Amino acid sequence: MNEKRKIRLATCSLAGCFGCHMSLLDIDEKLFDLLGMIEFDRTPFTDIKHCGPCDIGIVEGGVSNAENVHVLKEFRKHCKVLVAIGACAITGGVPALRNNIDLWDCFQEVYLYEGGLEGNQIPNDPELPLPFDKVYPVYEVVKVDYFLPGCPPSADTIWKFLTDLIEGREPKLDYEMLRYD
Amino acid sequence: MGAPAMSKTITIDGKNVPFQDGQTIMNAALAAGVYIPHLCHNPQFEPHGSCKLCVVSVNGRNMTSCTMPAAEDMVVANNTPELNSDRKALVQMLFVEGNHICPACEASGNCQLQAAAYYLNMLSPHYTHFYQPRAVDASHPDIFLDLNRCILCELCVRASREVDGKNVFGISGRGIGTRLVVNAASGRLGDTNFAATDKAAHVCPTGTILIKRQGYKIPIGQRTFDHKKISEVQMEPMEPDHE
Ligand code: SF4
Ligand code: SF4
Ligand code: FES
């Protein structure tokens, strides 16, 4: 029935809590409507590991380590429209509470002062991405086309935003849908 | 000549607004039910003129409406896309200059800075964050002082001086180094005679001055600005306390 090519959509979570992804799943039965309009590329829902050419990329979470930058740049490169969703992607959010604490002090507090399973040590595996001194909002690293604030934005807000975007309207949030908490 | 004082008027966005001699554009507007965005102004105190959100165009020149006395035949433009976009930029600068993590702030939903940002449809802070280290002072038994959120409006300074007669707060430094200071040799709030019942403990438009043991008494989602715009709340005859 739908001859039109489906919109291709990718999502990822950087330094976030997956709350924005959970809120997207909270659209419940509208997920069927959504899947009628879009198909997923890279996202935790498909477990595809790399982002191919997409119409829309949705990024949750701020940029807190080197791997976050690689993922974010891949999204920017492959997505025509990049959306920053949630407080962390837009301001750094709760992870950015560490921004005024020295990174070494953070490590000591988390890994050295509290007892661990195999003695106290700071993880140092080459597989682990290097953390940055601070957590940055995604727009300070790549160009962002749209912002969808909220911690997380409600399912209704995400649905309103996505349907606007997919159906070619400029996304517009009513007063009660624009929130930073 | 003998005309009654109230017959003088200015226009704001085409609407006739009466004023009395000496009244500022802001206060004339408030009395007439015309909303001009403002953060550092609170009608209970002398104007301060620092946040610049209230800038309007008066006969083509930009002026701070909370400090500018109204004068006969002023033609004021207020609610224009240009002025509102300047106002949004000012609010964005306040966000990146401090450390505003709304989801982790007890004032969220009751905060006028956040509410002004909602009103101006701020979708992101836009500018590069400063991430300046700012102190949290928990030395007082009943009150927190979290300078990460201070916008230097001086309302607490004015309230403590003018209403409480205590002079607990002051502003020190210049330019980007400007900061709120506490009037005690130690610089700590716990070493002052500040009290939770002081006016100054209840005027902060942001989440900088917080009363202890009140956290999340009103749940997120049921707070002042969750459903009402700042343009309605600030026009109500008595502004609620912002705690
Ligand atoms: S003071 Fe206002 S703007 Fe700042 S973090 Fe708290 S709620 Fe957000
Ligand atoms: S503590 Fe609050 S009232 Fe005092 S200057 Fe800062 S923002 Fe204004
Ligand atoms: S309200 Fe006029 S400068 Fe702040």
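When reading the values below, keep in mind they use all heavy atoms of this one structure, side chains included, and skip hydrogens, waters and symmetry mates. Note that this is a predicted model, so its numbers are computed, not measured. Protein chains get the first letters and strands the later ones, always in sequence-line order, with residue 1 at the start of each.
Between chain B and the options A/Y136, A/F147, A/Y139, the largest number of non-hydrogen pairs under 4.5 Å is found for A/Y139. Contact count versus chain B (heavy atoms, under 4.5 Å) is highest, among A/A84, A/G150, A/P137, A/A87, for A/P137. Of the residues considered (B/A104, B/C102, B/P125), B/P125 shows the highest number of contacts with chain A, using heavy-atom pairs under 4.5 Å. Ranking A/N100, A/I101, A/L97, A/L148 against chain B, the residue ahead of the rest is A/N100, based on heavy-atom pairs under 4.5 Å.
The OG1 atom of A/T91 sits 6.5 Å away from atom CD1 of B/I101, with the distance rounded to the nearest 0.5 Å. We find the CG-OH distance between B/L123 and A/Y180 to be 7.0 Å, quoted to the nearest 0.5 Å. Here the straight-line distance linking atom CD1 of A/I90 with atom NE2 of B/H126 works out to 14.0 Å at 0.5 Å rounding.
Looking at A/V138, there are no atoms closer than 4.5 Å to chain B (heavy atoms on both sides), in backbone or side chain. In this structure, the portions of B/D226 lying under 4.5 Å from any heavy atom of chain A include both its backbone and its side chain. Only the backbone of B/Y127 comes within less than 4.5 Å of a heavy atom in chain A; its side chain stays farther off. Proximity to chain A (any heavy atom under 4.5 Å) is restricted, for B/N148, to the side chain, taken from C-beta onward.
Remark: B/R174 CZ is loosely packed, at most 12 non-hydrogen atoms of other residues, nucleotides or ligands lying under 6.0 Å away. Atom CZ of B/F144 sits in a sparse spot, with 12 or fewer heavy atoms from other residues, nucleotides or ligands closer than 6.0 Å. Applying the 6.0 Å contact sphere to NZ of B/K52 captures more than 12 heavy atoms from other residues, nucleotides or ligands. In the displayed structure, A/M22 atom CE is contacted under 6.0 Å by at most 12 heavy atoms of other residues, nucleotides or ligands.
Between A/V144 and B/S124, the closest side-chain pair of non-hydrogen atoms is not below 4.5 Å. A/N99 is not listed as a side-chain neighbour of B/H129, based on a closest heavy-atom distance of 4.5 Å or more.
Residue-level contacts of residues 171-179 of chain A with chain B, in order of numbering, are A/Y175, A/E176, A/L178, A/R179; threshold 4.5 Å between heavy atoms.
For residues 11-48 of chain A, the set of pairs meeting the ring pair (Phe, Tyr, Trp, His ring centres under 6.0 Å) definition, not counting sequence neighbours, comprises A/F18-A/H21, A/H21-A/F45, A/F40-A/F45.
Of all the heavy atoms in B/S108 and A/D181, the pair that sits closest is OG-OD2, 2.6 Å.
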